[in-house]
Protein chains: 2
Amino acid sequence: MAAVSIRDVAQHAGVSVGTVSNVLNRPGEVSAESVRRVQEAIETLGYVRNDAARKLRAGVSTTVGFVVLDGQNPFFGDVVRGAEDEGSKSGIAILYGNTDEDPKRERMYLDLFEEQQVRGVLISPYGDINPRLERLRARGIAAVLVDRFSGDGRFSSVSVDSVTGGRMAVEHLIATGRRRIAFVGGPFEIRQVTDRLAGARAAAENAGEHVDLEVVATDALTVADGAAAGARVMARPRSERPDAIFAANDLLALGLLQALTVEGRTLVPDEIALIGFDDISFAAAAAVPLSSMRQPSRMIGRTALRILLEETADPELIPRQTVFQPELVVRASTTPRR
Amino acid sequence: MAAVSIRDVAQHAGVSVGTVSNVLNRPGEVSAESVRRVQEAIETLGYVRNDAARKLRAGVSTTVGFVVLDGQNPFFGDVVRGAEDEGSKSGIAILYGNTDEDPKRERMYLDLFEEQQVRGVLISPYGDINPRLERLRARGIAAVLVDRFSGDGRFSSVSVDSVTGGRMAVEHLIATGRRRIAFVGGPFEIRQVTDRLAGARAAAENAGEHVDLEVVATDALTVADGAAAGARVMARPRSERPDAIFAANDLLALGLLQALTVEGRTLVPDEIALIGFDDISFAAAAAVPLSSMRQPSRMIGRTALRILLEETADPELIPRQTVFQPELVVRASTTPRR
DNA sequence: AAAACTTTATGAATCGATTCAGGCTCGATT
DNA sequence: AATCGAGCCTGAATCGATTCATAAAGTTTT
């Protein structure tokens, strides 16, 4: 418990505590000699700033909270990594919370972050979270929505156009000759899921000819749920199966891929084409390399954190919506071997 | 900035600040009436405890730092998730830092966590980190090594027996008839890598007959490095290639799997058997389902956090090493189709 | 040489929760 | 009636960094 405080440093350097604080925070206003002496004292005593005291007095925090929908999903791993990179430029650390699509956990983490008085919150929300975020804002804690468009414009957001992404995915399936398409995804409390489905519907309706679009609902966006959905599809007689599946994310798609096999032979892509969403790094390495809608995940994280810091620096800023466009990545899972 | 402090609550409830604090921290010593009034005041004013002030005065923190070697690796995602689960039981949040095998970043995060005066630190270290951790300990911050055995017993650790894992993996390769084995992994600053190699060497030496074991070094444990290593192997004449590869982790193995193809046909497992380490959830969904050494990743995280909390509660505790055994998971990548 | 600035340093007040020595009430004990 | 103790409450002191009004020293201007 060798608690070395700023007072000890001041004493050792033969200056006042105010001067030490100035060396730490605005070295320009201190003489070179004092800076040298203080720095030497810091060195020899092994002084480390007490962030709690700093936060208490100055009201500034060096942590940002990040509430993530699904920590297991490499997509969010990449997003967090982007935020982390951007944060480390300015000494910001990430307080991390994984909700696993559970509103209770979501609330818990927001409470925790409020107690911590984080500088701001990045959140990929489950359901409607605005009232809770408004309250944080009233306390001076900004929030930026990640991977979710802020419909009412009350908060800044960084997202990918999921509707367009859904449309592009299904257009691709139609272009490669598929007509009986299934959308696999859920729960529908997650906005990205409904958006991707909406885009898929639009594509099906605007196709020149008739296209079936059925919805296979899942409880969560995981590999296991994908496999379960795939098993349900496989349980049907062959003629009633879709000839293409658009999965709401790559985890579901990888699960589906595992399930869509008969006697060791996969039905993908010949009988059933399969496309996912996110283009996580494992999509390319899948049993059948997976076509997917790529999101610039790392850039989403970087951008979200940058906007958050800008907004906390200047609270006058008006919320702004940043929307990236997804990119179609075609691989074997939608390319029939002739 | 409606900063509601304990003072406001006290005033509203008509009691002193001391009483409010007591209601918050030891409600048993306060009359039922006071508890009621204070709670009502907290409710109506929307009071939230200021963790910075609490930390400053009481010296207790509700955050734990977690320094992770590679945030992109789903294995660590699982470990973090385990720690998070265990922490949320007692209102502990995770401050997250990803070093990406960079000692500078590792130091940066430890500095940051020290400033934050976290309750303790979980770390999967790169290279030798003991002196730095000793310093944290002197400051009252405990540390538990994750996924790394603490050789000198100075700190508690939770890990998997990597030597045994390496041995089991190579024994499996030998048992399925392979004799020219390559170990792909690096950098050797990472203890797990050297341990797995040591295990592999032991297996090769103790095999009844002669077994070749070559080492193909990589710069990092990523899919990209695995692919690069695979390309180097493929550049050799066919007769000089190994007939089995043990990759230091699954990311490398997945990269290798991508590289080990000739004209669209994979050499795995017929010409080259391939086994990884970690059994991340994507191993099963790979192009050729990947054999791997499974680690109980989530349990590692839970256990590490539990031990950390126990140690911070009672500093007298002696460091202890928890070692789980890995489990061989055989899939197609080491099972030759006859 | 006096006046007017600059530059730099000082140290007390402050942030909000916790702690703890001391005080008050009221019923029980002597 | 005096004393004691239990139960509860009070409020000042405290944690460590920052801030800011004030002062001291040094430099330039008149």
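Note on naming: letters A, B, ... go to the chains in the order of the sequence lines (proteins, then strands), and numbering restarts at 1 for each one.
- Contact annotation: A/Tyr47 reaches the phosphate of D/dA17 (side-chain N/O to OP1 or OP2, under 4.0 Å).
- Note on B/Asn25: only backbone sugar-phosphate atoms sit closer than 4.0 angstrom, heavy atoms only; bases stay farther off.
- When the nearest nucleotides of DNA chain D are assigned to B/Val30 and B/Leu56 by heavy-atom distance, the more 5′-ward of the two goes with B/Val30.
- The nucleotide whose nearest atom lies closest to any side-chain atom of A/Val17 is, among C/dT10, C/dG11, C/dA17, C/dG11.
- Among the candidates A/Leu122, A/Val121, A/Ile92, the single residue satisfying the side-chain contact (heavy atoms from CB on, under 4.5 Å) test with A/Leu308 is A/Leu122.
- For the pair A/Arg105 and B/Glu84, the salt-bridge criterion is met [side-chain N within less than 4.0 Å of a carboxylate O].
- The nearest whole Å value for the distance from the CD atom in A/Glu33 to the P atom in D/dA25 is 17 Å.
- At D/dC9, one or more side-chain N or O atoms of B/Ser34 fall inside 4.0 Å of OP1 or OP2 (strictly under the cut-off).
- Distances shorter than 4.0 Å separate some side-chain N or O of A/Thr19 from OP1 or OP2 on C/dT10.
- Both A/Gly18 and A/Ala52 lie close to DNA chain D; mapped to their nearest nucleotides by heavy-atom distance, the more 5′-ward contact belongs to A/Ala52.
- Look at CD on B/Glu29: it is 14 Å from P on C/dA21, rounded to the nearest Å.
- In this structure, A/Ser31 reaches the sugar-phosphate backbone alone: every heavy-atom distance under 4.0 Å involves primed, P, OP1 or OP2 atoms, never a base.
- Ionic pairing of A/Asp51 and B/Lys55 is not present here: no N-O contact between side-chain nitrogen and carboxylate oxygen is shorter than 4.0 angstrom.
- Between B/Arg54 and C/dT18, a side-chain N or O to OP1/OP2 separation shorter than 4.0 Å is present.
- As rounded to whole Å, 12 Å separates atom P of D/dA17 from atom CG of A/Leu45.
- Classification of B/Arg81 and A/Asp70 as a salt-bridged pair fails, no side-chain N sitting under 4.0 Å from a carboxylate O.
- When the P atom of D/dT10 is taken as reference, atom CZ of B/Arg7 falls 14 Å away, rounded to whole Å.
- Taking every side-chain heavy atom of A/Ala58 into account, D/dT19 is the closest of C/dT19, C/dT10, D/dT19.
- Rounded to an integer number of Å, the gap from CD of B/Gln11 to P of D/dC9 is 18 Å.
- Considering only side-chain atoms of B/Ala53, the nucleotide from D/dC9, C/dG16, D/dT19 that sits closest is C/dG16.
- Among the atoms of the strands shown, only primed sugar atoms or phosphate atoms (P, OP1, OP2) are found under 4.0 Å from some heavy atom of A/Ser5.
- Between B/Arg107 and B/Glu114 there is no salt bridge, since none of the side-chain N atoms of the basic residue sits less than 4.0 Å from a carboxylate O of the acidic one.
- One interatomic measurement links the two molecules: CG of B/Asn50 to P of D/dT14, which rounds to 21 Å at whole-angstrom precision.
- At the heavy-atom level, B/Val20 lies nowhere under 4.0 Å from the strands shown.
- Atom CZ in B/Arg57 sits roughly 4 Å away from atom C1' in D/dT14 (whole-Å rounding).
- Phosphate proximity of D/dT18 to A/Arg26: absent, as no side-chain N or O sits under 4.0 Å from OP1 or OP2.
- Ranking C/dT10, D/dT18, C/dT19 by closeness to the A/Ser16 side chain, first place goes to C/dT10.
- Note that B/Arg137 lies in the cation-pi zone of B/Phe155, set by a 6.0 Å cut-off to the ring centre and a 45° limit from the axis.
- Protein atom CZ of B/Arg37 is 15 Å distant from nucleotide atom P of D/dC8, rounded to whole Å.
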